[in-house]
Amino acid sequence: MGQEESHSEEMDLAQIQDLCIIFMRECPSGALHLHEFKRIFGIQSTSEEESLYIETVFHSFDTNNDNTLDFMEYIAALHLILRGNLEDRLKWSFKMYDKDGNGLLDRQEVKRIIRILYKIKLQKSPVSLTPSEICDRLFDLVDENHDGQISLSEFMEGAKKDEWVMNLLKLDVNARGWVIQNCGKLP
């Protein structure tokens, strides 16, 4: 059953062609730059936290580190955002947290993302914990060997065991509305 669901979620050729039309309309140069990415996701330059967050998202999809997203990076990003399974989304979230790319999360990396998220959405919800307290609680729940670092396997297991951790670790970007809106404008 899992394979059937996965197969039915794959993008078909017509959807890829539609996304290519959207991409070329938005990015005639063939490259999506950070400022265009921010515009697509409706990030105002006045919000420093949202800007930092979307920059982190952008760079997580820029696999060749050329400061642009080409069509393949764009498709991979949309596929993950719109249709990625939980495991893939958690691996992507881990990559976003792992600023230095060493495969382990330290407290500084985790606090960095939590501070950004706290100012964007956690501050607006009834959360009584500070970013430092959130980080401490996360490490208490996820760092199984208590070495002060979180590995990918600890990250994945911790997210699956605790709903609070899952909601914190599973970074979400709301692109669905933009894609649906723009797909409706296709010729």
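Computed from heavy atoms alone, side chains included, the values below leave out hydrogens, waters and symmetry copies.
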Chemist: Excluding sequence neighbours, so at least two apart, what forms salt bridge (charged side-chain N to carboxylate O under 4.0 Å, His left out) with D136?
Modeler: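 If we apply the salt bridge (charged side-chain N to carboxylate O under 4.0 Å, His left out) test to D136, skipping adjacent residues, the hits are R107.
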Chemist: Name all residues meeting the side chain to side chain donor-acceptor pair (under 3.5 Å) criterion together with S153; count only those two or more places apart in sequence or in a different chain, and write none if there are none.
Modeler: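 Testing S153 for side chain to side chain donor-acceptor pair (under 3.5 Å), a comparison that skips the adjacent residues, returns S151.
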Chemist: After noting the C-alpha distance and the side-chain angles of L105 and Q149, does the key distance pass the side-chain contact (heavy atoms from CB on, under 4.5 Å) rule?
Modeler: CA-CA 5 Å; L105 304 181; Q149 297 180 318; over 6 Å; no
Chemist: Please give me the minimum heavy-atom distance between F155 and L90, naming the atom from each residue.
Modeler: CE2-O, 3.2 Å
Chemist: Rounded to the nearest 0.5 Å, how far apart are CZ of R112 and OH of Y97?
Modeler: 11.0 Å
Chemist: Using a 3.5 Å distance criterion without hydrogens, assess whether the side chain of K111 forms a donor-acceptor pair with backbone atoms of C135.
Modeler: no
Chemist: Using every non-hydrogen atom in the two residues, find where P131 and R115 come nearest and quote the distance to one decimal.
Modeler: CB-CG, 4.0 Å
Chemist: If the condition is side-chain contact (heavy atoms from CB on, under 4.5 Å), which residues does D106 pass it with, not counting sequence neighbours?
Modeler: Q108, E109
Chemist: Using a 3.5 Å distance criterion without hydrogens, assess whether the side chain of E154 forms a donor-acceptor pair with backbone atoms of E144.
Modeler: yes
Chemist: Could you pull out all residues at least two apart from S132 that satisfy side chain to side chain donor-acceptor pair (under 3.5 Å)?
Modeler: none
Chemist: Considering all heavy atoms of both residues, which atom of I114 and which atom of L138 are nearest to each other, and what is their separation?
Modeler: CD1-CD2, 4.4 Å
Chemist: Kindly write out the residues that satisfy salt bridge (charged side-chain N to carboxylate O under 4.0 Å, His left out) with E157, not counting sequence neighbours, or none if the list is empty.
Modeler: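 Once residues adjacent in sequence are excluded, E157 has no partner under the salt bridge (charged side-chain N to carboxylate O under 4.0 Å, His left out) criterion.
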Chemist: With sequence neighbours excluded, tell me which residues meet side-chain contact (heavy atoms from CB on, under 4.5 Å) with N102.
Modeler: D98, D100, L104
Chemist: Checking side-chain contact (heavy atoms from CB on, under 4.5 Å) for the pair R137/L141: CA distance, chi angles, key distance, verdict?
Modeler: CA-CA 6 Å; R137 180 172 177 205; L141 293 170; 3.8 Å; yes
Chemist: How close do H33 and N67 get, heavy atom to heavy atom, and via which atoms?
Modeler: ND1-O, 4.3 Å
Chemist: Check whether D143 reaches the backbone of G148 with its side chain - one donor and one acceptor, N or O, closer than 3.5 Å.
Modeler: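 Confirmed, D143 side chain pairs with G148 backbone.
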Chemist: Taking side-chain contact (heavy atoms from CB on, under 4.5 Å) as the definition, give me every residue that meets it alongside L152, ordered by chain and number, with sequence neighbours left out.
Modeler: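 By the side-chain contact (heavy atoms from CB on, under 4.5 Å) rule, L152 matches K91, F94, M156.
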Chemist: Could you pull out all residues at least two apart from F61 that satisfy ring pair (Phe, Tyr, Trp, His ring centres under 6.0 Å)?
Modeler: W92
Chemist: State which residues pass side-chain contact (heavy atoms from CB on, under 4.5 Å) with L32; sequence neighbours excluded, sorted by chain then number.
Modeler: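 F23, C27, E36, F37, I40, L69, Y74.
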Chemist: Would you please name every residue forming a side chain to side chain donor-acceptor pair (under 3.5 Å) with K160, sequence neighbours left out?
Modeler: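 For K160 there are no side chain to side chain donor-acceptor pair (under 3.5 Å) partners, ignoring immediate neighbours.
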Chemist: Got a sec, which residues hit side chain to side chain donor-acceptor pair (under 3.5 Å) with K99, two or more places apart in sequence or on another chain?
Modeler: none
Chemist: Who are the salt bridge (charged side-chain N to carboxylate O under 4.0 Å, His left out) partners of E133, not counting sequence neighbours?
Modeler: none
